[in-house]
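Notes for the one structure printed next.
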Amino acid sequence: MAVNNAKLAAVVDAENPAVMCGYVDNSESSIDFAGRANWLRAAVLGANDGLVSTASLMLGVSAVKPDARAMVVSGFAGLLAGACSMVIGEYVSVCSQRDVEIVELDQAGKRGGDEEKALPCPAQAAAASALAFSVGALLPLLAAGFIVGYNLRVAVVVVVATLALAAFGCVGAVLGRAPVARSCARVVVGGLAAMSVTFGFMRLFRASGV
């Protein structure tokens with residue numbers, strides 16, 4: 001019997017490296033930690049989206065019109081538009097998910113129990129997504145808001161965005177138990193690519209006089 005238990009534990013460990021060999025923790029604290037880690041990862045991803053989209057928008061506008069006010073106003077507009085989009089998108093998505101899970105509870109005869117209380121809250125998810133997006137979007141805005149010189153302003157936005165992307169990638173890797181260096185490199189390269197494409201494409205409009 002002991003040999004069979006040992007084999008079963010080894011199989012479980014092989015299928016799920018996050019579980020210690022011979023020990024499976026089904027306690028409420030481990031479940032809560034996993035849930036919190038998922039929320040934190042979602043927040044990091046939302047902040048990353050806010051940072052990349054807002055910084056790219058600001059750089060794209062600055063490529064056509066090298067004016068500090070235009071750059072900051074466009075970034076602020078991107079923050080508001082993105083946050084509203086995150087609220088609507090996340091709320092609709094979580095509502096759909098919740099409806100599906102409620103139907104499954106009805107079919108299983110578990111409606112009204114603890115399972116229903118554990119269903120995701122659309123309003124909470126929408127608020128968290130909007131907040132995370134806004135935090136990420138504020139970084140390039142604050143970086144560019146107090147700099148007058150065009151070249152220095154663009155350079156500061158790129159540097160701040162790069163450092164923040166590296167930090168987001170590191171946090172996401174730790175929460176997701178992924179290689180830190182690879183995750184950081186992937187996030188930074190992707191963000192820089194988005195900013196470069198936006199800036200370079202919009203630069204064509206300035207060169208053509210549009």
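For reference, positions follow the sequence shown, starting with 1. Remember, predicted model here, so these are calculated numbers, not experimental data. The basis for the numbers below is simple: all heavy atoms, side chains too, and nothing from hydrogens, waters or symmetry mates.
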Requested in this report: Could you tell me whether a side-chain N or O of Ser183 sits under 3.5 Å from a main-chain N or O of Pro179, the two making a donor and an acceptor?
Outcome: no
Query raised in the report: Less than 4.5 Å apart, any side-chain heavy atom of Glu101 and any of Pro120?
Result: yes
Query raised in the report: When you look at Leu79 and Ser134, which way does the side-chain contact (heavy atoms from CB on, under 4.5 Å) test go after all the steps?
Result: CA-CA 6 Å; Leu79 186 157; Ser134 300; 4.0 Å; yes
Query - Minimum heavy-atom distance between Thr54 and Ala137, given as atom pair plus value - result: OG1-CB, 3.1 Å
Report task. Verify side-chain contact (heavy atoms from CB on, under 4.5 Å) between Leu141 and Met58, making sure each step is shown before the conclusion. Result -> CA-CA 8 Å; Leu141 272 173; Met58 294 172 65; 4.2 Å; yes
Report task. Answer whether the closest heavy-atom distance between the side chains of Ser62 and Phe199 falls below 4.5 Å. Result -> yes
Requested in this report: Search all heavy atoms of Cys184 against all heavy atoms of Ala166 and return the closest pair with its distance.
Outcome: SG-O, 3.3 Å
**Report entry** Thr162 side chain to Val158 backbone, donor-acceptor under 3.5 Å
**Finding:** yes
Query - Backbone of Met71 reached by a side-chain donor or acceptor of Ser74 within 3.5 Å - result: yes
Query - Heavy-atom side-chain proximity of Leu119 to Leu105 below 4.5 angstrom - result: yes
Query raised in the report: Is the number of heavy atoms from other residues, nucleotides or ligands within 6.0 Å of OH (Tyr150) greater than 12?
Result: yes
**Report entry** Heavy-atom closest pair, residues Ala70 and Lys65
**Finding:** CB-CD, 4.1 Å
Report task. Taking all heavy atoms of Glu90 and all of Ala125, pick out the closest pair and write down the distance. Result -> CG-O, 3.5 Å
**Report entry** Step-by-step side-chain contact (heavy atoms from CB on, under 4.5 Å) determination, Leu59 to Thr198
**Finding:** CA-CA 7 Å; Leu59 292 175; Thr198 305; 5.9 Å; no
Query raised in the report: Quick one: do Met195 and Val188 end up in the same hydrophobic cluster if we chain Ile, Leu, Val, Met, Phe, Trp and Tyr together by side-chain heavy atoms under 4.5 Å apart?
Result: yes
**Report entry** Minimum heavy-atom distance Leu139-Ala164, with the two atoms named
**Finding:** CD1-CB, 3.7 Å
Query raised in the report: Are Leu131 and Leu45 connected in a single hydrophobic cluster, I mean Ile/Leu/Val/Met/Phe/Trp/Tyr linked by side-chain heavy atoms less than 4.5 Å apart?
Result: no
Requested in this report: Measure across Ala130 and Ala83 and return the closest heavy-atom pair with its distance rounded to 0.1 Å.
Outcome: CB-O, 3.8 Å
Query raised in the report: Just by modelled atom types, is the Ala81 backbone N or O under 3.5 Å from a matching donor or acceptor in the Ser85 side chain?
Result: no
Query raised in the report: Quick one: are Val156 and Ile147 in side-chain contact, heavy atoms under 4.5 Å?
Result: yes
Query - Cluster link Val187 to Val135, ILVMFWY, side chain under 4.5 Å - result: no
Query raised in the report: When hydrophobic residues are tied together by side-chain contacts of less than 4.5 Å, even through go-betweens, does Met202 share a cluster with Leu204?
Result: yes
**Report entry** Transitive ILVMFWY side-chain link Leu163 to Val157, under 4.5 Å
**Finding:** no
**Report entry** Co-members of Met86 in a cluster of I, L, V, M, F, W and Y side chains, linked at under 4.5 Å
**Finding:** Phe133
Query raised in the report: Does any non-hydrogen side-chain atom of Ser129 lie less than 4.5 Å from one of Val87?
Result: no
Query raised in the report: Below 4.5 Å, heavy atoms only, C-beta onward: do Leu51 and Pro140 meet side chain to side chain?
Result: yes
Query raised in the report: Given side chains that start at C-beta, do those of Leu165 and Val52 come closer than 4.5 Å, heavy atoms only?
Result: yes
**Report entry** Donor-acceptor contact present, side-chain Arg153 to main-chain Ala144, <3.5 Å
**Finding:** no
